[in-house]
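Proteins get letters first, then strands, A, B, ... in listed order; numbering begins at 1 in each.
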2 protein chains.
Amino acid sequence: MRVPLSAEAVIADAAALADEAGFESVSLSAVARRLGVQAPSLYSHVRDLEAVRDGITALALGELADLVAAGIAGRAGLPALQAYSAAHRTFARRWPGRWQSLQRRAGEAVVRSAAARAVSAQAGAVLRGYPVPQEEHVHAVRLLGSTINGFLALERTGNFDHSSPAPEVSWDRTVVALDALLRAWPENSRGDEA
Amino acid sequence: MRVPLSAEAVIADAAALADEAGFESVSLSAVARRLGVQAPSLYSHVRDLEAVRDGITALALGELADLVAAGIAGRAGLPALQAYSAAHRTFARRWPGRWQSLQRRAGEAVVRSAAARAVSAQAGAVLRGYPVPQEEHVHAVRLLGSTINGFLALERTGNFDHSSPAPEVSWDRTVVALDALLRAWPENSRGDEA
DNA sequence: ACCCGAGCCTACAGGTAGTAGGCGAGTACC
DNA sequence: GGTACTCGCCTACTACCTGTAGGCTCGGGT
């Protein structure tokens, strides 16, 4: 064979297909066509379709972690937050299919992977530049993830298409708002317990 | 036929199936089985599978709008925000399949529907209790939607399963944080332009 | 009473997931 | 150098899904 097949090759091709045609269009038949083999041949390398999907998710997690790591290195506070957000948004726009693969319940192996831990640890790292007490980090991380991911999801499904201005403007506003929120975190917690 | 079929009956059944088995499991075959007819018979009532999906989305939008409307009526400020958020979360938990149907790009007819407009107008209504200038409403509405939807999405895909405490705690914190953010909105905008 | 049409049916074409088993090419070992 | 083994891709097949074509039946209107 010119290009010997392997699990990695199958998953890399499936990821490319996801970016081109959407994660939901990833089928073993389509991947096999692209690789120039018959569909059943793929089962020598991957267990089933779900394994390919999980493979894309794992691949995407690793790439996202690298991109975010490069962005937040050596930054703190607002610049770190901006880099963190920008990395997520860049990833979502550049590799839409891979990003879609993250918006689903993945297999246990993927969830426990180093890349998955890395991504959530990075949100915590950004918080180091803010006065958020350690025991509240979970909440702040969840809030950060919710807003950033939520924005990208709404943008991608066209929720912002029928109002102006362009999403970019709201995006910058949103990041600044998150910064303000994190800077004022102690006061809000205090107010919360009152 | 005991229960004469209609487009509404097909879509109602499909929505029930979505809640039970997940939106992605909605197939015309499965709906036909549940209704006790053969699959091709459904094509007399609905154009194709995509029309059924759009039907579920439209149905869900209407139900969500009603639920939110009941919650925010007669409330302002934090209570309104809490009711608004709670309505969304209640909806997502009670009718998971219908909620999933909202997390996708829907057909033009659905996007333009009265229910769709109502849902986005409700976010604007909540903002009336906050000092957010009219020309900034878009940004605030987008932020609100991103965070609330994003949280529910992450919760649903199990992102919060491997950390404590329970998502409920973070949810309350998140809503309070949004309240603080909206109350302090003018300052942040000012800081943004500086 | 009769005709007509709405609505469900069977039959079928095309596409996808996944299994079973064959076959050929490279390899290791005698 | 020959034999036998193994691995990877193949063909063939089952089961299930979407969507189309065309037939049959029953109930309502004239």
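Rounded to an integer number of Å, the gap from A/H45 NE2 to D/dC9 P is 4 Å. Atom pair B/L49:CG and C/dG15:C1' shows a separation of 14 Å (rounding to whole Å applied). Atom pair B/L35:CG and C/dC9:P shows a separation of 11 Å (rounding to whole Å applied). When the P atom of D/dC17 is taken as reference, atom CG of B/L42 falls 13 Å away, rounded to whole Å. Remark: P of C/dT16 and CD of A/E24 are 14 Å apart, rounded to the nearest angstrom. Rounded to an integer number of Å, the gap from A/D48 CG to D/dA15 C1' is 16 Å. Taking atom CZ on B/R33 and atom C1' on D/dA15, their separation rounds to 12 Å, with Å as the unit. Nucleotide C/dC9 holds its P atom 5 Å from the CD atom of B/Q38, rounded to whole Å.
Nearest nucleotide to the B/Y43 side chain, out of C/dT19, D/dC10, D/dT20: D/dT20. Proximity note for A/P40 (side chain, C-beta onward) versus D/dG19, C/dA20, D/dC9: the nearest is C/dA20.
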Determine, step by step, whether A/F151 and A/W171 satisfy the ring pair (Phe, Tyr, Trp, His ring centres under 6.0 Å) criterion, reporting the C-alpha distance in whole Å, the side-chain angles of both residues, the deciding distance to 0.1 Å, and the verdict. CA-CA 8 Å; A/F151 190 99; A/W171 174 257; 5.1 Å; yes
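The phosphate of D/dG8 has neither OP1 nor OP2 within less than 4.0 Å of any side-chain N or O from A/S41. At D/dC16, none of the side-chain N or O atoms of B/S27 fall inside 4.0 Å of OP1 or OP2 (strictly under the cut-off).
In this structure, A/R105 pairs ionically with B/D161, as a charged nitrogen and a carboxylate oxygen lie closer than 4.0 Å. Taking 4.0 Å as the cut-off between side-chain N and carboxylate O, B/R93 and B/E168 count as a salt-bridged pair.
Here the side chains of A/E136 and A/P131 are not in contact, with every heavy-atom distance at 4.5 Å or above.
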